There are 2 protein chains.
Amino acid sequence: MHDVIIIGAGFSGLEAARRLAPGHDVVVLEARERAGGRVLSHSFANGDGTDLGGQWVGPGQDRLYGLIAEMGFATYPLWDEGDHLVKAGRLKRYRGTIPNLPIPVLLDLNNALSRFEKMARQLDPAAPWTHPKAHIWDRITVADFLRRHTLTARAREMFTIGIGAVFCAEPHELSLLHALFYARSGGSLDALLSVSGGAQQDRVHGGMGGLASALAASLGDCVRYGEPVQEIGWDKDSATVITSRQSWRAKRVVLAVPPSQALGIRFDPALPSNRDALWRRMPAGACIKCVAQYERPFWRERGLSGQAVGGNLAVRVTFDNTEKGKDAGLLLGFIEGEEARRWSQVPAATRREAVLEAFADFFGPEARSPIDYADKDWTSDPWTRGCYASILGPGVWTTLGKGLREAIGPIHVAGTETATYGFGYIEGALEAGARAAGEVAKALGR
Amino acid sequence: MHDVIIIGAGFSGLEAARRLAPGHDVVVLEARERAGGRVLSHSFANGDGTDLGGQWVGPGQDRLYGLIAEMGFATYPLWDEGDHLVKAGRLKRYRGTIPNLPIPVLLDLNNALSRFEKMARQLDPAAPWTHPKAHIWDRITVADFLRRHTLTARAREMFTIGIGAVFCAEPHELSLLHALFYARSGGSLDALLSVSGGAQQDRVHGGMGGLASALAASLGDCVRYGEPVQEIGWDKDSATVITSRQSWRAKRVVLAVPPSQALGIRFDPALPSNRDALWRRMPAGACIKCVAQYERPFWRERGLSGQAVGGNLAVRVTFDNTEKGKDAGLLLGFIEGEEARRWSQVPAATRREAVLEAFADFFGPEARSPIDYADKDWTSDPWTRGCYASILGPGVWTTLGKGLREAIGPIHVAGTETATYGFGYIEGALEAGARAAGEVAKALGR
């Protein structure tokens with residue numbers, strides 16, 4: 001009989017374990033043979049590393065900055081110098097956060113953005129369903145919002161690319177209330193879309209995947225890999241957790257996996273109906289993260305930042321993901337939403353060509369000749385099934401959202417999808433892990 | 001090594017078994033200790049029966065009428081005489097299918113309904129995503145449609161009750177394309193809402209649950225109960241199906257369970273990402289079916305049909321569910337959508353009181369004193385998790401719907417959610433079972 005079994009060795013589970021391990025008998029059960037969950041390291045052929053999962057840390061994410069420092073890691077800013085590119089029709093250069101668009105489009109876009117931000121600011125991120133207009137905002141989609149509050153197709157298109165970059169989903173899939181909550185939970189939509197001063201500001205030396213591995217290693221052999229949980233039997237005092245290998249018992253459980261994975265576990269007694277219904281309405285967005293490695297960051301020589309947005313090819317958002325201190329240049333591109341569904345179905349080589357073609361469309365023909373390439377289709381990963389995080393369609397928050405963080409008997413619920421600050425981000429995973437650890441410590445009376 | 005393993009002994013799996021059993025070695029694996037799936041018999045204390053799951057058959061449902069006759073069962077019409085009641089403000093009587101509402105509301109409602117029907121008629125029920133406007137209709141919800149095409153709140157309210165009765169969901173949860181498809185798949189929205197001439201026309205002597213049991217019994221001991229499937233391992237030629245009791249092998253599998261249950265099975269190799277993403281976006285509606293038994297159908301004495309619609313209590317749709325040939329009168333009420341979520345959380349006795357209160361609101365104080373009562377909350381049933389069927393939100397059909405019926409290696413997919421005619425109905429379950437059986441027979445070359 002252990003004190004607590006934590007299911008999932010992503011940042012949320014690891015954070016819960018880190019807080020509970022002193023003074024408690026803790027076991028972490030991880031389905032995969034690695035830690036990190038939606039954070040994943042990749043090594044190129046030449047030995048350089050990159051992150052194929054979550055990788056950024058930015059202002060306001062104090063838990064993550066704290067953890068980075070505590071684990072002896074250091075951050076460096078994402079390359080953010082030079083001109084950005086926007087392709088809406090013709091390819092144009094711009095500086096700052098506002099793309100170079102015709103004045104009427106800019107005014108239209110700014111108007112919609114500031115209206116959105118103003119609404120988001122009013123929400124309580126711990127209980128978005130309590131806002132007086134929550135029921136109205138939860139009954140319409142972001143697409144409805146754009147139809148009502150934009151005048152130009154170009155502004156809708158740019159807003160839609162922003163939504164894609166933040167949610168890996170299309171505006172019509174998202175409850176407006178969820179989108180507002182998500183922005184509020186991350187500070188603001190502007191913060192979520194920004195590099196310097198925003199959620200894409202800093203990277204970690206050694207990679208976020210390296211940090212996850214180090215954190216798991218620091219917990220010693222209480223982290224057990226290759227233990228996919230199949231069943232949780234529970235009563236009010238304890239739980240039995242059955243994996244494909246063995247059976248474990250504990251007084252408390254922390255479920256630190258995304259809703260998609262929680263649905264794959266049989267509960268006995270069965271889950272309360274509203275929790276089951278909630279998780280069934282929390283599918284994740286679709287994202288393929290693509291990184292091409294070049295001999296050098298050639299775009300910098302032409303005064304480009306490596307950040308591009310728009311176009312109509314597979315990749316519509318790019319960053320200069322070059323690791324500080326390395327010679328090789330890295331271009332990072334995201335395939336998102338409906339495009340990710342499409343490109344998830346094609347052979348790897350074809351997808352690689354399509355990604356490089358999109359890079360070349362922004363940065364010129366040199367982009368067609370990388371020295372190495374890697375991508376990660378998170379929708380195909382059976383232990384994740386989509387990224388970055390769950391998206392909530394119309395009506396879910398106001399009917400079922402209240403139960404999101406409630407414990408089910410001795411089973412406490414963590415994971416970034418239960419965060420109030422940083423829902424969908426590593427920061428949120430840490431908050432949720434810490435909150436669940438607090439609940440467990442209190443329940444165990446220590 | 002069996003020829004085929006059928007997972008699920010609902011009407012879809014039973015129909016597949018019935019067609020394949022002659023000439024093939026068939027096993028049906030059912031998680032529960034009973035057949036029927038979303039069809040379920042209940043016996044009152046006095047021995048009378050009623051259906052707490054699917055119960056109706058109506059014009060156009062030729063497969064189901066055929067099966068009823070073949071199994072030696074008989075049908076009788078649902079009681080449809082006398083005045084219906086509508087409560088939108090005051091309680092009023094009416095006859096026919098159109099409630100007694102103020103003329104402007106009636107015109108408004110008829111206009112929205114006929115527009116909806118006209119759009120639905122244009123769809124190919126086998127491939128709704130191919131309509132030229134499918135992408136537009138799939139990006140808006142039924143709530144959007146109502147905002148655009150109704151002028152009065154009363155008409156929207158009545159349309160919303162109709163949507164609730166058909167989908168057990170709210171208009172903002174449903175892609176307009178899905179609602180149009182569903183109506184087309186069932187004939188028309190009018191047919192789905194109607195008693196005489198519609199989907200609620202006829203009942204079965206002995207209950208639909210009795211028919212399911214008889215069908216299962218006719219298949220003999222190839223139907224194995226208490227065998228919940230946990231895992232399916234597969235390659236192109238065969239599959240291994242692992243239940244909590246044992247392991248089974250077959251050349252082909254028919255998966256005849258709702259998407260919610262399919263998601264609880266581990267596949268090895270893992271499911272293709274687009275199928276996984278599709279099933280994750282097919283949660284079912286919420287429904288509690290409530291039946292009160294009275295000494296006699298007292299409402300008939302006052303010239304009432306027992307059919308009522310509207311009000312603002314737990315039950316907003318009722319029928320006279322009296323079994324032909326019995327003295328006792330049965331009132332049937334549905335708690336649907338958001339109301340079902342709410343009433344799923346309260347103790348059984350409280351819910352009973354609320355249901356009887358709603359019946360009394362329509363039919364007078366006598367409704368408060370039944371001789372017996374039963375209800376079934378389908379959202380709480382771990383082997384179903386919602387009724388009547390999956391609902392698809394915005395964007396699902398046009399991005400992921402194409403794969404709905406495709407076999408996954410040797411695993412063929414049935415269940416009413418894969419039907420072209422009668423999606424969500426027993427008729428659709430039969431169609432899908434027959435189609436999957438045909439695929440299997442062809443694959444086995446017999």
Side-chain angles (χ1 to χ4, degrees), chain A residues 135 138-141 143-144 147 169-175 228 230-231 244 259-260 263-274 276-286 337-338 340-342 344-345 377-383 385-386 390-391 393-396 398-400 403, chain B residues 135 138-141 143-144 147 169-175 228 230-231 244 259-260 263-274 276-286 337-338 340-342 344-345 377-383 385-386 390-391 393-396 398-400 403:
Chain A
H135 279 77
D138 200 31
R139 275 164 176 66
I140 61 175
T141 67
D144 290 322
R147 273 190 289 266
E170 310 294 328
H172 57 267
E173 294 181 79
L174 293 161
S175 155
Q230 300 181 335
E231 192 171 331
S244 57
S260 67
L263 282 176
I265 298 171
R266 269 182 311 286
F267 291 82
D268 181 23
L271 278 181
S273 61
N274 278 4
D276 178 86
L278 174 62
W279 286 349
R280 291 195 187 283
R281 284 159 179 78
M282 294 181 73
E338 289 184 13
R341 302 251 169 259
R342 225 177 104 210
S344 159
Q345 303 306 302
D377 170 15
W378 286 96
T379 63
S380 293
D381 188 318
W383 299 119
R385 290 298 188 187
S390 294
I391 52 172
V396 183
T398 48
T399 51
L400 298 162
Chain B
H135 279 77
D138 199 30
R139 274 165 178 67
I140 61 175
T141 67
D144 291 321
R147 275 189 287 266
E170 310 294 328
H172 58 267
E173 294 180 80
L174 293 161
S175 155
Q230 300 181 336
E231 192 171 331
S244 57
S260 68
L263 282 176
I265 298 172
R266 271 183 310 287
F267 291 82
D268 181 23
L271 277 180
S273 61
N274 278 6
D276 178 86
L278 174 62
W279 286 348
R280 289 193 187 287
R281 285 160 178 78
M282 294 181 72
E338 289 183 14
R341 303 251 169 260
R342 225 178 103 211
S344 160
Q345 304 306 301
D377 171 14
W378 285 96
T379 65
S380 292
D381 188 318
W383 299 118
R385 289 301 190 187
S390 295
I391 52 172
V396 183
T398 48
T399 52
L400 297 163

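Model, not experiment: these values are computed from the prediction. In what follows, chains carry the letters A, B, and so on, assigned in the order in which the sequence lines appear, proteins first and then strands, with residues in each chain numbered from 1.
In this structure, chain B has heavy atoms under 4.5 Å from both the backbone and the side chain of A/S260. Of the two parts of B/A284, only the backbone, made up of N, CA, C and O, holds a non-hydrogen atom closer than 4.5 Å to a non-hydrogen atom of chain A. B/R139 touches chain A through backbone and side chain together, each having a heavy atom under 4.5 Å away. Heavy-atom distances place the backbone of A/P272, and not its side chain, under 4.5 Å from chain B.
Closest non-hydrogen pair, A/S273 versus B/Q345, comes out as OG-NE2, 3.4 Å. Taking both residues in full, the closest heavy atoms of A/R147 and B/D144 are given as NH2-OD2, 3.9 Å, listed atom of the first, atom of the second, then distance. Minimum heavy-atom separation, A/H172 to B/P394: O-CB, 3.2 Å. Heavy-atom minimum distance, A/R341 versus B/A277: NH1-CB, 3.4 Å.
B/R266 is linked by a side-chain contact (heavy atoms from CB on, under 4.5 Å) to A/Q230, B/Q230, B/E231, counting only residues two or more places apart in sequence or in another chain. Take A/R280 and apply the salt bridge (Lys or Arg N to Asp or Glu O under 4.0 Å) test, not counting sequence neighbours, and it matches A/D276.
Counting only heavy atoms from C-beta outward, the side chains of B/R385 and A/L271 approach each other to under 4.5 Å.
When each of B/E173, B/R342, B/E338, B/M282 is scored by its heavy-atom pairs under 4.5 Å with chain A, the top score falls to B/E338.
Distance check: B/D138 CG to A/E170 CD gives 11.5 Å after rounding to the nearest 0.5 Å.
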